[in-house]
Amino acid sequence: MITDQLGEMVAAALHKVAAAGLLPADNVPRPFFERPRNRDHGDWATNVALVASKGVGKPRDLAQAIADALEASDLIASVEVAGPGFLNFRLSPSWLHDVVRRAASRTDFGTSDTGNGVRVNVEFVSANPTGPVNVVSGRHAAVGDTIAALLEATGHEVTREYYFNDAGRQMLLFGASVAARYLQHFGIEAEVPENGYKGEDVRVLAQELAEEIGEALVDVDPAERDRRMLELAWPPVLERVQRSLERFGTTFDVWFRESTLHERGEVTGAIETLREKGLIEERDGALWFLSSRFGDDKDRVVIRSNGEPTYIAADLGYLVDKFSRGFDRLIYLWGADHHGTVPRLMAAVEALGFDTPAVEIPLVQIVSLVRGGEQVKASKRHGVSVPLDELVDDVGVDAARYTFLTRSIDAPLEFDIDLVKEQAPENPVYYVQYAHARICSILRKAAEEGYEPEVEVARLERLEHPSEDELMRKLASYEEAVPEAARLRAPQRITRYVEELASTFSGFYRDCKVVSEDRELSQARLVLCLATRSVLAGGLGLLGVGAPDRM
RNA sequence: GCCCCCGUAGCUCAGGGGAUAGAGCACUCGCCUCCGGAGCGAGGUGCGCAGGUUCGAAUCCUGCCGGGGGCACCA
């Protein structure tokens with residue numbers, strides 16, 4: 001990448017300056033480059049002189065010394081000291097031509113190997129199979145999937161994982177709810193438990209199961225019936241979850257059942273490990289994990305007095321399991337409503353002897369749906385919840401995914417269904433897709449007129465119009481946008497980027513006729529189109545949004 | 001009470017130490033003999049408040065105000 005080259009050159013100059021005694025040798029910062037907002041400030045700028053001169057001398061003088069110490073290069077057209085002490089670099093056009101050729105000819109433009117093959121487990125959605133996937137899970141699916149894609153694009157080896165409970169107390173409650181509806185189906189009096197699942201989908205499910213197994217479970221002992229009902233009930237629900245997510249364009253490498261942790265003894269093993277470290281205590285008949293020693297506000301029960309493990313117990317086993325599978329880094333994408341449990345998981349990481357920075361828990365804020373100007377709050381656990389399938393029926397997969405990815409995960413997302421659907425032509429997702437389709441159309445037309453873009457031989461120096469220059473620069477910035485988005489786990493940066501690129505392309509399209517009598521110029525512009533199409537498709541690909549050839 | 005997130009344009013939100021703070025929507029006014037008008041151009045008000053750190057703060061720190069969420073032997 002260009003910033004690496006510039007960085008090396010400036011670093012060399014810095015060391016020369018330090019050797020000359022103008023800068024303490026033990027205080028040579030690493031140069032960092034950014035693209036100035038204002039084009040008068042060159043192509044790239046660094047504040048390294050401002051940083052290095054802290055308490056040492058005048059920044060502008062140091063900047064000038066660095067500029068003087070720079071080795072001559074074909075890459076750099078000019079360097080100037082500006083403002084309080086910035087170094088502004090103007091590059092020769094060839095770097096942009098190189099960018100365009102690479103973007104036009106390679107599908108991996110924008111990707112890098114900075115991840116060094118680090119193995120990352122990204123766990124997201126992870127909703128229990130008690131009902132249809134809702135829109136909140138939809139946001140998680142889109143975000144988690146894109147974070148995973150960004151990590152892959154930056155050279156990480158990624159596993160997408162979905163964790164769910166298939167036993168345990170909460171699920172038993174689900175089994176009991178289905179069982180109650182099942183009995184009701186046969187006209188037997190029964191009531192769904194107080195905190196149970198009272199939704200219509202549970203009734204339908206119970207009915208389906210009743211038709212399948214008949215009255216086989218009617219005369220069974222109630223506790224046994226609930227248990228066996230659960231075993232029958234969750235697999236079809238999970239299948240529906242899988243279908244919904246697949247339709248939404250999100251696939252997982254691993255579907256992890258909590259019960260496997262108990263079967264393999266990983267839960268008891270983890271508790272044993274903690275006990276050996278003196279971090280487990282028995283109180284009131286329950287086993288407590290002394291998590292408060294690791295920053296949690298209080299200790300946590302891992303085994304209840306009735307012998308049942310708590311959720312955190314499973315978390316302990318799951319941590320051990322994930323690390324034993326060889327992951328270097330674990331990302332848990334959780335809903336913001338789980339933030340209270342973050343300290344206890346991090347306590348577990350530390351207590352079990354794992355590397356704390358290797359575990360990361362980004363929190364995704366809530367989704368509120370607006371329909372007909374009315375706000376419907378969708379919470380994973382309480383209140384109304386709109387099925388993801390319904391939303392997708394309404395607005396389509398591309399618009400739904402794209403909209404989920406326009407916001408920072410820290411911001412609550414207001415999803416206005418009417419806006420995303422009814423104003424489709426003005427929706428940014430279509431704007432971006434339209435730009436892609438339009439390029440395809442131009443390339444088709446060019447082919448009809450006998451033009452075949454030749455990336456290697458095209459005379460890109462013919463691209464002199466300001467709009468062409470803008471477009472090339474925007475393409476170049478994709479190489480920073482992807483690593484930044486990956487580093488910050490910030491999908492919305494890619495959404496923003498593709499919108500800006502589409503808009504910049506529109507400017508080029510307006511000002512520059514691509515297919516003209518001037519064959520040489522046409523060739524160059526076609527290569528620019530190819531490059532733009534490739535980057536648009538690549539960016540949309542990271543988002544899991546389609547890049548259609550026609551609309 | 002304690003913890004987390006947020007407060008930027010009329011609305012929904014980007015930007016999260018750098019030079020003149022942006023986008024979409026909404027509103028107004030212009031543009032279609034021209035490769036796709038699902039488009040393009042023009043028009044404008046804004047970083048909640050008060051301190052602090054810094055050469056430089058929308059950005060970092062502290063306090064306050066406002067909004068949302070969380071504080072179980074639930075998940």
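Throughout, a chain's letter reflects where its sequence line sits, starting with A, and its residues are numbered from 1. Since this is a predicted model, take the numbers as computed values, not measurements. All values below were derived from every heavy atom in this structure, side-chain atoms included, with hydrogens, water molecules and symmetry-related copies excluded.
Taking a pair as Watson-Crick or G-U wobble with both distances under 3.5 Å, the runs of three or more consecutive pairs in RNA chain B are B:1-7 with B:65-71, B:10-13 with B:22-25, B:27-31 with B:39-43, B:48-52 with B:60-64.
At the heavy-atom level, Ser305(A) lies under 4.0 Å from base atoms of the strands shown. Looking at heavy-atom distances under 4.0 Å, Asp315(A) makes no contact with the nucleic acid at all. No contact: Ser503(A) has no heavy atom under 4.0 Å from any strand. Asp410(A) comes within 4.0 angstrom of the backbone, heavy atoms only, and of no base. Using a 4.0 Å heavy-atom cutoff across all strands shown, Asn165(A) reaches sugar-phosphate atoms only and no base atom. Counting any heavy atom pair closer than 4.0 Å across all strands shown, Asn128(A) reaches sugar-phosphate atoms only and no base atom. Backbone-only contact: Arg510(A) has heavy atoms under 4.0 Å from sugar-phosphate atoms and none from a base. Nucleic acid contact for Lys513(A): base, since at least one base atom lies under 4.0 Å from a heavy atom of the residue. Heavy atoms of Pro412(A) sit under 4.0 angstrom from primed sugar atoms or phosphate atoms, though from no base atom. As judged by a 4.0 angstrom heavy-atom cut-off over every strand, Ala45(A) is placed among the base-contacting residues. Among the protein residues, Met171(A) comes within range of no part of the nucleic acid, since none of its heavy atoms lies under 4.0 Å from any strand. Within 4.0 Å (heavy atoms only), Ala411(A) reaches sugar-phosphate atoms of the nucleic acid but no base atom.
Here His41(A) counts as stacked on rA19(B): its ring centre is under 5.5 angstrom from the base ring centre and the planes meet at under 30°. The aromatic ring of Tyr431(A) is not stacked on the base of rA38(B), since the criterion of ring centres less than 5.5 Å apart with planes inclined by under 30° is not met.
Other residues, nucleotides and ligands contribute only 12 or fewer heavy atoms inside 6.0 Å of the CD atom of Glu517(A). Heavy atoms from other residues, nucleotides or ligands lying under 6.0 Å from CZ of Arg30(A) number 12 at most.
Between Thr406(A) and Thr495(A), the side chains place no donor N or O within less than 3.5 Å of an acceptor N or O (distance only, hydrogens not considered). Using modelled atom types and a 3.5 Å distance limit, the side chains of Gln433(A) and Asp398(A) yield a donor-acceptor pair. Asn165(A) and Glu258(A) are linked by a side-chain donor-acceptor pair at a separation below 3.5 angstrom, with hydrogens and angles left out of the test. With no hydrogens or angles considered, a side-chain donor-acceptor pair links Tyr402(A) and Glu499(A) at under 3.5 Å.
Comparing the same atom, P, in rG52(B) and in rG10(B) gives a spacing of 29 Å after rounding to whole Å. Nucleotides rA9(B) and rA26(B) have their C1' atoms positioned 12 Å apart, rounded to a whole Å. Rounded to whole Å, the separation between the P atoms of rA57(B) and rA21(B) comes to 14 Å. With both ends at atom C1', the span from rC11(B) to rC34(B) equals 37 Å, rounded to whole Å.
Nucleotide rC34(B) holds its C1' atom 13 Å from the CD atom of Glu449(A), rounded to whole Å. Atom CD of Glu499(A) is separated from atom C1' of rC25(B) by 12 Å (rounded to the nearest Å). Protein atom CD1 of Ile366(A) is 15 Å distant from nucleotide atom P of rG67(B), rounded to whole Å. The nearest whole Å value for the distance from the CD1 atom in Ile361(A) to the P atom in rA75(B) is 17 Å. Atom CD1 in Ile439(A) sits roughly 12 Å away from atom C1' in rG36(B) (whole-Å rounding). Per the geometry, CD belonging to Glu34(A) stands 7 Å off P belonging to rA19(B), to the nearest Å.
Remark: Thr406(A) is not in phosphate contact with rC13(B), judged by side-chain N or O atoms under 4.0 Å from OP1 or OP2. Here Tyr509(A) does not reach the OP1 or OP2 of rC34(B): none of its side-chain N or O atoms lies under 4.0 Å away. Residue Arg37(A) places none of its side-chain N or O atoms closer than 4.0 Å to OP1 or OP2 of rU20(B). When the side-chain nitrogen and oxygen atoms of Arg407(A) are compared with OP1 and OP2 of rC13(B), none of them lie within a distance under 4.0 Å. Residue Arg438(A) places at least one side-chain N or O closer than 4.0 Å to OP1 or OP2 of rG37(B). Taking only side-chain nitrogens and oxygens, Gln492(A) never comes nearer than 4.0 Å to OP1 or OP2 of rA23(B).
For His339(A) and rG70(B), a side-chain-to-base donor-acceptor distance below 3.5 Å is absent, hydrogens and geometry of angles not being considered. The base of rG18(B) is paired with the side chain of Asn47(A) by a donor and an acceptor separated by under 3.5 Å. No hydrogens or angles were tested; on distance alone, a donor-acceptor pair under 3.5 Å links the side chain of Asn88(A) to the base of rA19(B).
Proximity of a side-chain donor or acceptor of Ser259(A) to a complementary backbone N or O of Asp166(A) within less than 3.5 Å is not detected. Thr341(A) places a side-chain N or O within donor-acceptor distance of the main-chain N or O of His338(A), the cut-off being under 3.5 Å.
Looking at Met472(A) and Leu528(A), their side chains come closer than 4.5 Å, going by heavy atoms from C-beta outward.
Geometric assessment of Lys322(A) against the ring of Tyr332(A) yields a positive cation-pi assignment under the 6.0 Å and 45° thresholds.
Anti is the glycosidic conformation of rC60(B), whose angle departs from 0 by more than 90°.
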